[in-house]
Amino acid sequence: MNEKVIAVVTAGLTTPSSSRLLADQLAEAVRDELSGRGIGSRIELIEVRDHAHDLTNNLLTGFPSASLREVLETVTGADALIVVSPTFSASYSGLFKMFFDVLDDQALAGKPVLLAATGGTERHSLVLEFALRPLFAYLKALPVPTGVYAASTDWGPNAAGLRPRITQAAGELVAALHHETPTATDPFNNPTPFEDLLNS
Amino acid sequence: MQFGVFTVGDVTEDPTTGTTVSEGERIKAMVRIALKAEEVGLDVFAQGEHHNPPFVPSSPTTQLAFIAAQTSKIILSTSTTLITTNDPVKIAEDYAMLQHLADGRVDLMMGRGNTGPVYPWFGQDIRNGIQLAVENYALLRRLWREDVVDWEGKFRTPLQGFTSTPRPLDDVPPFVWHGSIRSPEIAEQAAYYGDGFFHNNIFWPITHTKRMIDLYRQRFEHYGHGAADQAIVGLGGQIFMRKNSQDAVREFRPYFDNAPVYGHGPSLEDFSRETPLTVGSPQEVIERTLSFREHFGDYQRQLFLMDHAGLPLKTVLEQLDILGEEVVPVLRKEFAALKPAHVPDAPTHASLKAAAQRAHDLETIEEPSR
């Protein structure tokens, strides 16, 4: 009954992509960590690529299509997030950013997030700290201290180094789940009385 | 139920010919559209107010007065009047003046304006949008209802012993609608005063529009103006018609694909599914418009956007002929047959004047018994 919903947002462009590979390993590690504590989990995987047109349309029209709305609601309703972006031009990809641009800026407040990125070389690994972390700080989400960056070599000679980082980050995300997520007040269910607006 | 058209007043290139009309031509075209709207039996002509290109209508009362002089039945309205960046004193004066010239055929729709730079050009800040709308409108109401006003607020210089002239026609202020796409505070404001609420749903999905209208209805009842289904609701619509559906789609598609706001985004088919946009036969427009009632309840005013995205005037006038001859007569009949007796029509100058008279008579009758 105590099932946790983990939304995984991955913005790789190829099929399969290394971002998706990393996303799957992170999701698996979080699932193991939860089940080790006797907690069930449901993983909701979102490939941003599948919604690229809808995201553009949302930016242009100001509202999400019905199918994108469902995806956004999955993310905002999840107990925690795993986000993975490829590194493009020294930052997260434009497509990755678009996904978070169309969310309400309060939608992720208080939500634990595991930050992850992929790239061609280790030299980009600080993208997690100077690009992803400030973005999620702005969104008032709770990024866990350990981010996971995987370069090409992490899938071969350095694989032994990647595994402990994944386990460490997954453990931190599960620990963060005990935080109480503040629930935003719905202005439609709780409108500010007009006298208050007049007197403010 | 009232049917009409509303225009933004954009000057946009016709994507099929590459030609762009001049500002003067566009202003005159808006007048022709208003005259045509009366000619084909519509009830309302509303126009926007903008202070930046590519829009022309910066001075709505000048234009509406010019139209009033050439019409006799149609109600002249706005979509919207900027309650944030206009001085409420000037709104009170301008629209009372227009009311006299148009023999009461005037109402207004208040809006905030969503273009950031316009606010500082008028000495304001878009971040204060809601507060400006609340304070300015509260003052506007007093200026129309009290002969002498002493007032002090946050945004405007204080008033001492001020009388806004001319006084409203027959001492009945113009009816006010409040327009907002996504701010629950404005639905709350409309409900508090028992004013109308217009949701310009033309670019929005039904789920979103429904939340705003449901909130307004529920708060209208909360503030004691009547039952939720008696609240005064207005909706937008965007249509393009030809006898054959396929002809309408073929002709409108280049305008859709290049339109300001949504152009170069979703397909015409996707956008038609998600929003009220209906491109097809008159019968399809009738069915779509009737379906609004199923989502939002009985409502009082339906305005259509007919003239944007660079559509030539000739085409717009043809569209108005179809609207007036084939669509609105059917909609009038169908909506009237469905509307329960306790749901009111939209207030007009005549109905507001009669209501004021009744209230006055009641007072006079009650007085001797006190």
Side-chain angles (χ1 to χ4, degrees), chain A residues 46-77 94-109 138-140 182-200, chain B residues 114 128 130-139 141 153-154 178 181-195 201-220 222-223 257 259-267 269-271 273-275 277:
Chain A
I46 293 141
E47 286 270 14
V48 183
R49 187 189 202 287
D50 296 345
H51 309 284
H53 282 273
D54 278 351
L55 286 167
T56 304
N57 291 345
N58 190 347
L59 288 179
L60 296 183
T61 63
F63 67 87
S65 66
S67 66
L68 180 59
R69 193 181 316 133
E70 234 172 83
V71 170
L72 298 177
E73 279 166 8
T74 299
V75 168
T76 54
L95 186 60
F96 177 85
K97 178 69 159 36
M98 273 167 73
F99 188 88
F100 296 98
D101 282 348
V102 304
L103 282 174
D104 185 90
D105 62 1
Q106 298 297 316
L108 298 184
Y138 171 78
L139 294 171
K140 299 187 174 64
T183 44
T185 50
D186 183 343
F188 287 90
N189 292 333
N190 283 304
T192 309
F194 194 72
E195 297 286 354
D196 294 354
L197 290 173
L198 264 180
N199 299 325
S200 71
Chain B
N114 61 1
N128 296 328
I130 295 279
Q131 280 175 290
L132 281 161
V134 168
E135 178 177 303
N136 286 348
Y137 182 62
L139 172 57
R141 282 183 67 89
K154 204 173 139 191
H178 299 265
I181 304 278
R182 56 166 107 216
S183 303
E185 295 91 340
I186 299 301
E188 174 75 10
Q189 180 185 34
Y192 177 81
Y193 291 113
D195 292 341
N201 52 323
I202 59 174
F203 302 141
W204 295 87
I206 280 167
T207 43
H208 174 87
T209 304
K210 188 167 162 47
R211 290 194 88 188
M212 289 290 285
I213 289 175
D214 286 352
L215 174 65
Y216 162 67
R217 287 189 183 281
Q218 175 202 326
R219 300 297 286 175
F220 182 93
H222 168 84
Y223 286 115
D257 285 344
V261 184
Y262 50 74
H264 309 285
S267 68
E269 288 73 14
D270 283 348
F271 202 69
R273 197 169 44 245
E274 298 273 350
T275 75
L277 174 65

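To find a chain, count down the sequence lines: A is the first, B the second, and so on, and within it residues start at 1.
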Q | Non-hydrogen side-chain atoms of A:H53 and B:D270 separated by less than 4.5 Å | A |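 The answer is no, as the side chains (C-beta and beyond) never meet within the 4.5 Å cut-off.
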(Q) Heavy-atom cut-off 4.5 Å, strictly under: side chain, backbone, both or neither for A:P193 against chain B? (A)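 Contact with chain B involves both backbone and side-chain atoms of A:P193.
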**Q.** Heavy-atom contact with chain B under 4.5 Å, split by part of A:T56
**A.**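 Neither; nothing under 4.5 Å.
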(Q) Below 4.5 Å, heavy-atom pairs only: which of B:R219, B:R273, B:E135 has the largest tally toward chain A? (A)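 Among the listed options, the one with the most contacts to chain A is B:R219.
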Q: Please determine, among B:H264, B:M212, B:H222, B:H208, the option with the most heavy-atom pairs under 4.5 Å with chain A.
A: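 Option with the top pair count is B:M212.
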[atom1]/[X]: more than 12 non-hydrogen atoms of other groups inside 6.0 Å:
{"X": "A:F188", "atom1": "CZ", "value": "yes"}
{"X": "A:R49", "atom1": "CZ", "value": "no"}
{"X": "A:N199", "atom1": "CG", "value": "yes"}

Q | Test log, rule ring-ring contact (aromatic ring centres under 6.0 Å, His included), inputs A:F194 and B:Y223 | A | CA-CA 10 Å; A:F194 194 72; B:Y223 286 115; 7.6 Å; no
Q. What are the two closest heavy atoms between B:L215 and A:P191, and how far apart are they?
A.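 So the minimum-distance heavy-atom pair works out to CD1-CG, 3.7 Å.
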Q. Of the non-hydrogen atoms in B:A138 and A:L198, which two are nearest, and what is the gap between them?
A.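 In this case the closest contact between B:A138 and A:L198 is CB-CD2, 4.0 Å.
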Q. Counting only N and O atoms by type, is there a donor-acceptor contact under 3.5 Å from the side chain of B:Y262 to the main-chain atoms of A:G62?
A.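 The answer is no, because no donor-acceptor pair under 3.5 Å joins these two groups.
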Q. Under the 3.5 angstrom rule, does the side chain of B:E274 hit a backbone N or O of A:A66 as a donor-acceptor pair?
A.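 At least one qualifying donor-acceptor pair exists.
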When rounded to the nearest 0.5 angstrom, what is the spacing between [atom1] in [X] and [atom2] in [Y]?
{"X": "B:E185", "Y": "A:S200", "atom1": "CD", "atom2": "OG", "answer": "9.5 Å"}
{"X": "B:Q189", "Y": "A:T192", "atom1": "CD", "atom2": "OG1", "answer": "13.0 Å"}
{"X": "A:L197", "Y": "B:Y192", "atom1": "CG", "atom2": "OH", "answer": "10.5 Å"}

**Q.** B:F203 ring center within less than 6.0 Å of A:F63 ring center
**A.**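 Distance test on ring centres: not under 6.0 Å, no.
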